[in-house]
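Below is one structure, written out as structure tokens; comments come after it.
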Amino acid sequence: MAIRTPDPYPGWLSPEDLYEARNRLPMLYVEAVPVRLDPLGYVTEVGLLLQADDEGNMMRSLVSGRVLYKETIRGALLRHLEKDLGALALPQLPVSPVPFTVVEYFPSPSQTGFTDERQHAVALAYVIPVAGECEPRQDALELTWMSPEEVLSGPVQMEFVGGRGELVRQALAYAGYAG
């Protein structure tokens, strides 16, 4: 499965260099679970991207991407949120860049339950409130806002790959959703 978002900052690593780096060391990522909140700060909706893999299989994904060399975590979060949700999404970045969890992805099944067949990756995961209008990124077919109940339902959980359904479950628990 090769899902790629066009990189607006080409030149960081060539595709060949990135392939070599992924085979030699863990890559650092940020992942964001976009949410809409009610006036009391409770999660009312979760934003999920719908994508197709190389074989045409449909899957749900989150805002995600690499942290560039000399880029801050906050900068990487904002860049990927704007790239994946559009410039008018109005994400509310946290005051402190402390993630709700750190996810370890391995190229084959492991004790973490998270996989990314391309690489060994470490992702800092955040719940990010979004207040504006969102447009899905170029390689996403749509952005769907769902209630927490819908996101945690069996059919939607089965649409995630690599353990990301569990990551969304953890994000909702972190945000205080007890459903």
Side-chain angles (χ1 to χ4, degrees), residues 1-34 46-86 89 91 97-128 134-144 151 155-172 174:
M1 167 183 59
I3 298 173
R4 300 206 54 206
T5 300
D7 191 349
Y9 302 97
W12 179 60
L13 288 176
S14 70
E16 297 79 20
D17 289 342
L18 180 58
Y19 176 80
E20 287 300 319
R22 283 179 167 158
N23 284 313
R24 296 173 192 258
L25 46 102
M27 302 300 288
L28 180 61
Y29 278 72
V30 290
E31 288 194 294
V33 179
V46 178
L48 302 177
L49 297 166
L50 181 66
Q51 298 176 306
D53 66 13
D54 291 339
E55 291 82 41
N57 300 313
M58 303 305 286
M59 66 190 126
R60 296 283 175 188
S61 66
L62 305 171
V63 172
S64 178
R66 290 190 317 269
V67 177
L68 301 177
Y69 180 67
K70 294 187 177 184
E71 182 177 40
T72 65
I73 300 298
R74 293 175 63 80
L77 271 171
L78 183 59
R79 179 170 58 85
H80 289 293
L81 286 159
E82 287 182 350
K83 181 179 65 169
D84 289 356
L85 302 179
V98 176
F100 75 86
T101 193
V102 176
V103 186
E104 293 179 276
Y105 291 96
F106 289 92
S108 57
S110 72
Q111 65 273 20
T112 70
F114 295 99
T115 58
D116 181 337
E117 66 185 32
R118 302 169 301 167
Q119 64 195 335
H120 175 191
V122 176
L124 307 176
Y126 298 86
V127 175
I128 303 290
C134 299
E135 292 292 324
R137 63 187 184 186
Q138 294 177 1
D139 64 339
L141 301 173
E142 68 180 34
L143 171 68
T144 307
V151 170
V156 173
Q157 285 288 303
M158 291 183 65
E159 293 178 1
F160 288 103
V161 295
R164 285 173 182 84
E166 175 58 26
L167 183 60
V168 172
R169 186 179 305 282
Q170 290 177 21
L172 287 170
Y174 171 80

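Using the six-membered ring where Trp is involved, Tyr105 and Phe114 have ring planes that are perpendicular, over 60° apart on the 30 and 60° scheme.
For Glu135, there are no salt bridge (Lys or Arg N to Asp or Glu O under 4.0 Å) partners at least two apart in sequence or on another chain. In terms of the ring pair (Phe, Tyr, Trp, His ring centres under 6.0 Å) criterion, Tyr126 has no residue partners (sequence neighbours excluded). Judged as a salt bridge (Lys or Arg N to Asp or Glu O under 4.0 Å), and not counting sequence neighbours, Glu104 has no contacts. Every residue two or more places apart in sequence or in another chain was checked for a ring pair (Phe, Tyr, Trp, His ring centres under 6.0 Å) with Phe160, and none qualifies. Applying the side chain to side chain donor-acceptor pair (under 3.5 Å) rule to Thr72 yields no partners; only residues at least two apart in sequence or on another chain are considered. Qualifying side chain to side chain donor-acceptor pair (under 3.5 Å) partners for Gln111, counting only residues two or more places apart in sequence or in other chains: none. The side chain to side chain contact (heavy atoms under 4.5 Å, CB included) check on Tyr174 picks up Phe100, Val127, with sequence neighbours excluded. Among residues two or more places apart in sequence or in another chain, the side chain to side chain contact (heavy atoms under 4.5 Å, CB included) test is passed with Leu78 by Glu82, Pro91, Leu93. Judged as a side chain to side chain donor-acceptor pair (under 3.5 Å), and not counting sequence neighbours, the contacts of Ser110 are Thr112. Every side chain to side chain contact (heavy atoms under 4.5 Å, CB included) that Gln119 has, sequence neighbours left out, goes to Arg22, Met27, Tyr29, Asp116, Ala121. With sequence neighbours excluded, no residue satisfies salt bridge (Lys or Arg N to Asp or Glu O under 4.0 Å) with Arg74. Legend: residues meeting side chain to side chain contact (heavy atoms under 4.5 Å, CB included) with Val102, ordered by chain and number and at least two apart, are Pro99, Val122, Leu124.
The distance from the CD atom of Glu142 to the CG atom of Leu49 is 9.5 Å, given to the nearest 0.5 Å. Separation of atoms CZ (Arg24) and CD (Glu20) is listed at 5.0 Å; rounding is to 0.5 Å. The line from NZ of Lys83 to NE2 of His80 is 4.5 Å long, rounded to the nearest 0.5 Å. Considering CD of Gln51 and CG of Asn57, their distance stands at 12.5 Å, rounded to 0.5 Å. Separating the CG atom in Leu77 from the CD atom in Glu31 is a distance of 10.5 Å, to the nearest 0.5 Å.
For the pair Pro34/Leu85, a side-chain contact is recorded, criterion being any heavy-atom separation below 4.5 Å from C-beta on. Using a 4.5 Å heavy-atom threshold, the side chains of Met58 and Leu141 count as touching. Looking at heavy atoms from C-beta onward, Leu48 lies out of side-chain contact with Leu143 at the 4.5 angstrom threshold. A 4.5 Å side-chain heavy-atom check between Arg60 and Thr144 finds at least one atom pair inside the cut-off. Val63 is not listed as a side-chain neighbour of Ile128, based on a closest heavy-atom distance of 4.5 Å or more.
Counting all heavy atoms, side chain and backbone alike, Ala125 lies closest to Val103 at CB-CG2, 4.3 Å. Across all their heavy atoms, Ala171 and Val33 have their closest contact at CB-CG2, 3.8 Å. Across every non-hydrogen atom of Leu62 and Ala32, the tightest pair is CB-O, 3.6 Å.
Judged purely by atom type and a 3.5 angstrom limit, Gln157 uses its side chain to pair as donor or acceptor with the backbone of Val151.
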For Arg164 and Ser64, what are the C-alpha separation, side-chain angles and deciding distance, and is it a side-chain hydrogen bond (donor to acceptor under 3.5 Å, both in side chains)? CA-CA 11 Å; Arg164 285 173 182 84; Ser64 178; 5.3 Å; no
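With respect to Arg66 and Glu71, no salt bridge is recorded, no charged nitrogen being found less than 4.0 Å from a carboxylate O.
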